[in-house]
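Presented below is the structure to which this report refers.
Throughout, protein chains are lettered first and strands after them, A, B, ... in sequence-line order, and every chain is numbered starting at 1. All heavy atoms count here, side chains included; hydrogens, waters and symmetry mates do not.
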Amino acid sequence: MKPALLAAAVILSTGAPGYAHRLDEYLQATTISLEKDLVKGQIRLTPGVAVFPKILAAIDVDANRIISAQEERAYAEAVLGDLSVAIDGNPLHPQLVSVKFPKLNEMREGLGEIQLEFQADLPHHGPNRRLTFENRHQSQIAAYLVNCLVPRDPDLRIVSQYRNYPQSFYQLDYMQTSVGSGAPLVAGFGAFVLLGAAAVLLFARFALSRRQRVPA
Amino acid sequence: MNDGLKRTGRGVRAIASICIICGIASAQTGTPGIVNAANAFLSTLDQKQRTGVVFAFDDEAQRARWSNLPTTMVRRAGVSMGALSGAQRSAAMTLVSSVLSQRGFEKVQQIMDADQLLKTNEKSSRMFGKDLYYLSILGTPSEKDLWMVQFGGHHLALNITIAGERGILTPSLTGAQPALYTVNGKIIRPLGEENDKAYALLNALDESKRKQAILNYRVADLVLGPGQDGKTIQPEGLKASAMNASQRTMLLDLISEWSGIVHESAAAARMAEIKKGIEDTWFAWSGPTAVTPGRNGTAYYRIQGPKLVIEYAPQPLGGDPSLHIHTIYRDPTNDYGRKIVAR
C-alpha cells in the first residue's frame, strides 16, 4: 500500500469485531498414528471462551479455581471414557499415556490447549484391518477433527477413510502387508508343527517297539 | 502532539523510507541482496537490541515460536516494529521485502494493514496493530551458510530459511481479519486470490470430479496449524492425476499464491519441485460451493502433495467466517529447511 493511502487508511468496510480466539465451540482435534501392534492417539482440546465455564466446571469439580493433578487426571479419564475405539469390530481399551493442561487463564481466553495422549495394543489379525474411533465428549458444543498420520511403517497402508459430518465418528481401513493371512495362518502353522511333532514321536515309539522285539 | 499522532507521523515517514529503500534493494536480487539487507538492518541496532534479535541457528524454541494469534496472546521473541526507530523500522521492512517477491511483500503489508484497521475498529486495542510484528534472525546472515529470517505477528508467520541461493518459506502462516476492507474506495482482499482461484478450480471440475474433491464432513479449523510440525496426514479428495491439463494448471496457479510469496528465484525452484509431484497432489474441499463475487467464501480447502501442504480455513470465531481467514503452508519433508540441515 502506498504511503498516502496508508495514512488515509481509516475507512473500514466492515465493523466486525476482532475475535482472535475460539468462542462457542470446544475444538477437539484427534490425530491417530498406527503401528503394527499399536494404535496411538493424541487429542488436543481447546474450549472456546463462551463454553469455558461449562468445561471448567467439569474439570474443577471442587470449584476452588485450582486444577489439581488429580482433577486433570480425572478429566482426562472422563474424556477417554467418552471415546470408543475398536479394531476389526472388537473394542479396544485405550490407556492414557500423558496429560498436559495449559494455564487456567490461557483456557479462559480461549487459547489453552489440553493435550491427551493414549494408546492401545492391537491384537494380531489378517492383513485387512478396520479401526473405528468415536468421540462423544461434550458433543453439544464440540467441533471435532480426526485424522490419521501416514504410517511410517511401509508394511502399513491406508486404504480408505470415512467420517460422519461432524467428524465424531471415524472409520479407517488399512492393510498390514507383512502378516500374510494373519491369525488363521499362525494357527495353521502351529497345528502343522504339532502334527509333525506327534508323527515323529509315533515313529520313534514304533521303531523302539520293533527293536525290542528283535532277538539279540 | 499526542503519542498516537507521533506514531502515525513516524509510521508514514517509515513507510516512505521503505519504498525508497525497497526500490534500491529490488535492484539487488537473491541471496547477496538479502544478506546485505540483513546486515544493514543489524547495523542500525544497538548491542542490546541486537542481542534480542539474533538467535542461534539451532535454537529450536525460537524456530517454533510462531502462531496465528496476536502477540499479546502468544508471545514472540525478536524485536517488535513498535520498538524500533523510523530508520530501524525501514531497515527491518527492507530486509522483509528482500526475502519476498513483490506480490509476497504486498500481501504481507495488506495483512498488517488489516490488523492495523482491526486495532482502529477495536478502539486501539493493545492486541492488534502494525507495531506488534516481530523480526528475528537465526544464525548469521551468509551467502553460503544456513540462516533464517522470521517475521510475524497476528495472522502472519514467515519462517524463511536461507540456504545459499535457496529460500525455504515453510512452514508459514498467512491470515487476514478483516479479509475485506476498503482504502480510499479501493477494495483490498489480502487473501482474495487464494479464495477466487480455489473456487474457479472447483467450478472447473465436472460433476464426478467435484464429488471426489468435496469431503462429506465439516473441517472446523486448520489440521496442521501452529505446533503441528513434522506431521503428514493421509491425503484425501481429488488427486490431480485425475484432473485434465487445464485444471492442473489452475491448481498450480492456486499453489503459487503461497509458493510465490518468497523471492522470485527461490519461488521458481520451489514451483519446479511442486510441479514434479503434481500428479500425486490432492485437492480437498469442505463447505459451501457458492460464493458471492468479490468476497471470500466460507469453505475450507486443503492441497496436499508429496512435498506440500496448504490449508485454507475460514474462522467461525464469533463473526462472519468469510472475513476471518487462516492459512498454512508447509513442506513436511523440508519445513525449516531440515532436509538441507540434515545434509
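Contacts of E25(A) with chain B are made by side-chain atoms alone, with heavy-atom separations under 4.5 Å and no backbone atom involved. If you measure heavy-atom distances from A29(A) to chain B, you find no contacts under 4.5 Å at all. Of the two parts of N164(A), only the backbone, made up of N, CA, C and O, holds a non-hydrogen atom closer than 4.5 Å to a non-hydrogen atom of chain B. In this structure, chain B has no heavy atom under 4.5 Å from any part of Q115(A). Heavy-atom distances place both the backbone and the side chain of I158(A) under 4.5 Å from chain B. Residue L224(B) does not touch chain A at all, counting heavy-atom pairs closer than 4.5 Å.
For E77(A), the CD atom is densely surrounded, since the number of other residues' heavy atoms within 6.0 Å is greater than 12. Within 6.0 Å of the NZ atom in K100(A), the count of heavy atoms belonging to other residues, nucleotides or ligands does not exceed 12.
With values rounded to the nearest 0.5 angstrom, L145(A) atom CG is found 8.5 Å from R218(B) atom CZ. To the nearest 0.5 Å, atom OG of residue S286(B) and atom CD of residue Q167(A) are 7.5 Å apart.
Among L215(B), I187(B), D221(B), V223(B), the residue making the largest number of heavy-atom pairs under 4.5 Å with chain A is D221(B). Your options are G48(A), P151(A), S33(A), C148(A), and the one with the most heavy-atom pairs under 4.5 Å with chain B is C148(A).
Contacts from residues 230-239 of chain B to chain A, taken as heavy-atom pairs separated by less than 4.5 Å, involve G230(B), K231(B), T232(B), I233(B), Q234(B), P235(B), E236(B) in sequence order.
Nearest heavy-atom pair across N216(B) and Y162(A) is ND2-CE1, 3.7 Å.
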